[in-house]
Amino acid sequence: MQQKSEKRQLGQRRNRLRTCRTDKRTMAQRRISGGKLFITVVYLVAMCRAVPVNDLLDRASQRSDKMHSLSTLLTQEMDSHFPPYGRMQMPRPADCHTSALQTPNDKEQALQVSESDLMSLARSLLQAWVDPLAVLSTSAITLPHPSKSSISSKIQELQEHSKSLADGLDILSGKMGPSAQAISFLPYTGGTDLGQDRVTILNKFNFLLSCLRRDSHKIDSFLKVLRCRAAKLQPELC
Amino acid sequence: TMKKVGEVVLLWLLILFIHNAAGEGYSPPGKPTNISCRSPEKETFTCWWKPGSDGGLPTTYALYYRKEGSQRVFECPDYKTAGKNSCFFSKNVTFVWVNYNITVVATNSRGRAFSDPVDIDVVYIVKPNPPEEVVVNVTEDKDWPFLQVSWKPPKMADTRSGWITLFYEVRLKLENKNKWEEVSAGQRKTLQIYSLRSGGTYEVQVRCKPDHGFWSEWSPSSRVKVPEYFPQERSMWILIVVFAAFILVIFIWMVYMNFHSVKRYLLPPVPGPKIKGIDKQFLKSGKSEDIFSSLVVSDFPPTTSNYEDFLVQYLEVYVPEERELIMDEGKDLQDDSFKTENSTCDNDSGRGSCDSHTLLTDKGGGDKEDGQQSDQEGSQAEADTKSQEEALEEELLACSHENLQSSNVSNEKEKVKSWPSLFSPLPQYSLSPVNRPNPPKTGQQHCLSDSLFTPNSMPSYFTQPGPSTRKGFRSNYWECSFDHKQSHPLHPQSAAHEHLQAQNDLNTAHVDYMGAPLDVHVLNVRPSEYVEVQRVSVEDGVLLHPVSPSQEDSRTLSHQTEDYSRVRVVNNDNGLLLLQRDAIEEEKSMCPYQEDVVSRASITPTLQNSATGINIALPILDEMAASGYIDTATMFGLPTH
C-alpha cells in the first residue's frame, strides 16, 4: 500500500513536472500579448511546484530498494524448493544479458563515476529488464514450482515498481542534463519461452532471477550514491 | 657372511616394520567445512572455514578462489589478518558485483582434502561493525529527564558517500533486569528515550544494518544513571493512603450510625405474637401460676360485647353455600384445600402477619380461600420454629380434642393430613396427598410425647423432620391420643366436626387466653377437613365450651380458621412452648400432659403440672408479648430449659 501510494505520488509529481515543462515550452514558443503572457507565466509558476531533486532521488532510491528486496525474496523462494544442485547447474551470472554494460566494480570506481553517468547506467539497466520481466511474468503462471502463485505476484509487483521507477528516473534525468538521459540499449535475447522440460525451465528461471537480483542491486546502489551526492541540505542522511 | 646377510635382512625388516608402525594412525586430512565470508564495508571481505580432522599429521590449509567469467585460480592473499583458519581479501582483490567461487584445501603428508566450493558476491554478505562512540546523556531537565543517545557509524563503513546505507537500532534495559527494550532509529544517529525509571541505572547498546545485509553486533554497553526526579512518588502514595484511611473512617462511622437499620436489613426481625397481658419479667420469674393468672381475664368467657378486646384483628368470614354442601357430602375436601390458591406470603418468617392482611382484606368471599391460604401458608412453613410450634400446638389441641371427642382412624387420617403443615417447618414440605398416608403405617403405639420428644427428635424439632418422621409423629400422636382418649368411632363428618369442635373449644380456650388468634392458628393447620369446617362464625371463637352443637356451624369454624391463621404465630409459640417443655422435661407419655396443658389452655386455672413447661413457654411469650416480634434467633434459643 505504501509503495503504491508513494509510486502514485512520484508518478504524479513527475507527470506534473513533465506537463509543466511541456507547457512552459509551448508557452515560450507562442507569441502572445504581454498581458496575457504575464498572466500565463504567473499561472504556470503557480502550477509548477518545484519538486526538489533530493526528494525525487529519495523516493527513487526507496523504490529501487523495494525492487531489490523483492528480487532477493524471489531467489530465496525459488531456492527453498531446490537443492544446491540446481544452482550449480545454473549458468554463470556473467552470461546475463546486461553483462555487456560497463559498471564500476568497486567503491573507488563507483565514486568516480559522474552523476549523469550513474543515472544513465541506472536507467539503462532498468530499461533492459522490461522485456525479461514480462517473460518471467508469463512463465511464472505455469511454473512447475509449488510457490508459483507467490512468485507470480511478486514478479507482477516488480513490474509495477520498475515502470514507476522508470518514469521517475525519466524526470530526474531530465533535470540532470542530456548525458543522464542517454540509455544504453541492452536487448534481451532469451526469447519468450524458457524451455520445454521442467529442469530447463526452472534453471532458466533461476538464472534470470539471479541476474535480476544483481542488476536491481546495482540500480539501488547507484541511486543511493546519487542521493547522498545531492543531499547537501540533508547531511544527516548520509 | 650368512650371518651378516641375515642381520641385514633383519635390520631391514625392523626398519620397514618400524616405519610401517609409525605410519599407521595417520590419514589424509578431513574436509574443511562451513566456509562463511563477511564484508564489513563492501570493500573488503574475510572468509572463515572449519577444519576437519588433521589425520594426526600437520595439516596446512589453502584457500583458492576463482572469479566469474575467468578460469584463473587465485590463492588467498592473507591468511593472518583475520586469525586462524581465515582468509582476508583486501581492497585490491575485492570486487563487487562479481561472483567468487571459493574452495579450501586441507593438505598433510598423507593427502589432501577439498572442501565444497562456495559462491559468494560481496554485496550480499555485508555485516558492518558495531556503531562507535555511543554516548548516552541524561538531559538537564530535572523534572522529567530523558536519555539522549548518540553514536557514530563504524569507521570503515562509508556512509557519507552513500556507498553503504546503514539503519540503526538502540536497545536499553535497567541494570538489574533482563528484558531489553529495542527502539528503531532509522538512519538517524541520535535518539531520545523518555519515561525513565527514577533513580534507575540503564544500559544502552546500539547496532546497525546495511540496507541489504546483516545486523552488526551490539556495541558495548553504556551505563547511565537517572537521577531521582520523582520524589513526589512516595509522597503521592502517602497522600493516597491517608485519603483512603479517611474514607474508611467515614464509612465505618456511617455504618455505626446506621447500625440498626443495616442490621434490620440484613437480619429482618420476625414478627411475633402480641400477647396482651403477658409480662416478660413475670415469665422469667418462673411463677407460672401468676402468669397464667394474668392471662385469665376476669370476665372470661368474654361476652360478645368484649369480642373486640380479645381480637387483635377482627375478620368476618363469608362462607359460600357450596362448601357446606360438599362438607356434608363428605367429599375429600383435601383436594379442595390443596387447590386453594397459594397465599401471597412467602416463606419469609418476618412476614408472618401477611396472612392477617390477606384475611383482613378478604372479607366475604374469601373466607375459604383465606382459610386455605392459611393452610397453605402453614404448609409452606414460613418459619421453622413457628411451624413446628404450630404443629405441636396443633397436635396438642388435637390430643386434647381427642380427649373430648373420639376420632376414628379416618379422622386421624384427615388430621394427619392437616398435620403436615404443622410438622413441616421448612418450606419444602407441602400439603400433598402423599402426606395423607395413614399414620398407622408407622405402627408405633407410643404417645406423641415419646415420638416427639425423644432426644433424637428434639433436634429434629427445630430441623426439618422428614415426611416419614412427621407422619410417624402424627400417627403416634393420633394413636396415643386414640389410646388415651379412647376415641369412639365417629362418622368422618361428625368426627371432623367433633374434632373441629373440640379444636374450636381449644381454640376458643386459646382465644380466651391469648385472644382469638389462637383459634385461627389451630384451625389453620388442618387441611381439607379444616377447610370444610372453616366456616365458623365469629361467635364460636368466643365460646368456651369445648363441644356444642352451635359450634358445628361451619361458618364459625371458618371464621375461627381465619382468625386462627392470623394469630397463628402466637398460637404456635404458645403451643410450641408448652409442648416442648413437656417433652424436654418429662419423658412420660405426653398425652396426659398435653391434656393437662391443653386443659390449662382451656381456661382451667389449675395448673396441674409442667409448671416448668410453662416456664419455658413463658419467656418466649413474654418476649413476644413485649415486642410483638419474634426474632428468629431468639426463637431458636428458646428450647433450652
Side-chain angles (χ1 to χ4, degrees), chain A residues 57-58 61-62 64-73 75-76 84 87-88 90-96 98-99 101-113 115 118 125 210-211 213-231 234-238, chain B residues 35 39-45 66-72 89-101 103 116-126 150-153 156-168 185-191 209-214:
Chain A
L57 272 172
D58 190 37
S61 59
Q62 284 178 18
S64 63
D65 188 289
K66 185 65 188 168
M67 275 183 67
H68 177 68
S69 302
L70 276 171
S71 65
T72 307
L73 284 171
T75 52
Q76 286 171 357
R87 213 188 282 159
M88 278 165 69
M90 193 176 63
R92 299 286 185 86
D95 298 335
C96 286
T98 55
S99 57
L101 192 64
Q102 287 289 331
T103 55
N105 278 338
D106 63 8
K107 181 182 113 177
E108 283 74 16
Q109 286 181 22
L111 294 184
Q112 286 168 5
V113 178
E115 293 94 356
L118 283 172
L125 286 170
S210 67
C211 288
R213 188 185 179 198
R214 171 181 289 178
D215 287 341
S216 63
H217 192 274
K218 282 185 183 175
I219 295 167
D220 187 44
S221 298
F222 297 155
L223 288 177
K224 280 174 180 166
V225 169
L226 276 174
R227 174 173 71 171
C228 277
R229 285 213 198 153
Q234 296 170 331
E236 66 270 10
L237 243 158
C238 298
Chain B
I35 299 173
S39 168
E41 75 286 79
K42 243 197 292 194
E43 298 169 45
T44 66
F45 70 104
R66 232 180 35 224
K67 293 189 339 186
E68 69 178 56
S70 164
Q71 294 299 322
R72 195 168 158 196
F89 292 80
S90 63
K91 283 187 191 179
N92 297 337
V93 291
T94 306
F95 299 99
V96 291
W97 296 311
V98 172
N99 259 21
Y100 285 74
N101 187 290
T103 313
D116 294 330
V118 167
D119 278 314
I120 60 147
D121 193 334
V122 175
V123 295
Y124 299 147
I125 55 166
V126 181
S150 63
W151 56 88
K152 291 231 171 35
M156 305 301 294
D158 185 4
T159 55
R160 189 144 280 282
S161 65
W163 183 241
I164 288 191
T165 309
L166 290 176
F167 294 90
Y168 302 97
Q187 288 183 257
R188 301 189 307 274
K189 299 187 185 59
T190 61
L191 189 69
K209 171 177 113 71
D211 46 5
H212 308 286
F214 303 98

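Chain letters run A, B, ... following the sequence lines, proteins first and then strands; every chain starts at 1.
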Check: With sequence neighbours left out, what residues match A:Lys224 under salt bridge (Lys or Arg N to Asp or Glu O under 4.0 Å)?
Finding: A:Asp65, A:Asp220, B:Asp211
Next item on the list: Please assess B:Lys42 against A:Glu108 for the test salt bridge (charged side-chain N to carboxylate O under 4.0 Å, His left out), listing each intermediate value before the final yes or no.
Entry: CA-CA 11 Å; B:Lys42 243 197 292 194; A:Glu108 283 74 16; over 6 Å; no
Next item on the list: Pick one of side chain, backbone, both or neither for B:Thr190, based on which atoms fall under 4.5 Å of a heavy atom in chain A.
Entry: neither
Item checked: Contacting region of B:Gln187 [heavy-atom separation from chain A under 4.5 Å] -> both
[X] side, atom [atom1]; [Y] side, atom [atom2] - distance, nearest 0.5 Å:
X	Y	atom1	atom2	result
B:Arg160	A:Leu111	CZ	CG	13.0 Å
B:Thr44	A:Lys107	OG1	NZ	10.5 Å
A:Ser71	B:His212	OG	NE2	8.0 Å
A:Ser99	B:Glu68	OG	CD	8.5 Å

Next item on the list: Examine whether an atom of A:Ser61 lies under 4.5 Å from a heavy atom of chain B, and if so say whether it belongs to the side chain, the backbone or both; otherwise answer neither.
Entry: neither
Item checked: Distance-minimising heavy-atom pair for A:Cys228 and B:Gly162 -> SG-CA, 3.4 Å
Margin query: In this structure, is the centre-to-centre distance between the rings of A:Phe222 and B:Trp97 below 6.0 Å?
Written below: yes
Notebook entry, point to check: Considering residues at least two apart in sequence or located in another chain, which fulfil the side chain to side chain contact (heavy atoms under 4.5 Å, CB included) criterion with A:Leu101?
Noted result: A:Thr103, A:Leu121, A:Ser124, A:Leu125, A:Ser184, A:Leu186
Notebook entry, point to check: Between B:Lys91 and A:Asp106, is the closest basic N to carboxylate O distance under 4.0 Å?
Noted result: no
Margin query: Is any side-chain heavy atom of B:Thr165 closer than 4.5 Å to one of A:Arg227?
Written below: yes
Check: Would you say A:Arg214 and B:Asp121 make side-chain contact, with heavy atoms under 4.5 Å?
Finding: yes
Checklist line | Lys NZ or Arg CZ of A:Arg213 over B:Tyr124 ring: under 6.0 Å, within 45° | finding: yes
Margin query: If you count heavy-atom pairs within less than 4.5 Å of chain A, which of B:Ile164, B:Asp158, B:Val122 leads?
Written below: B:Asp158
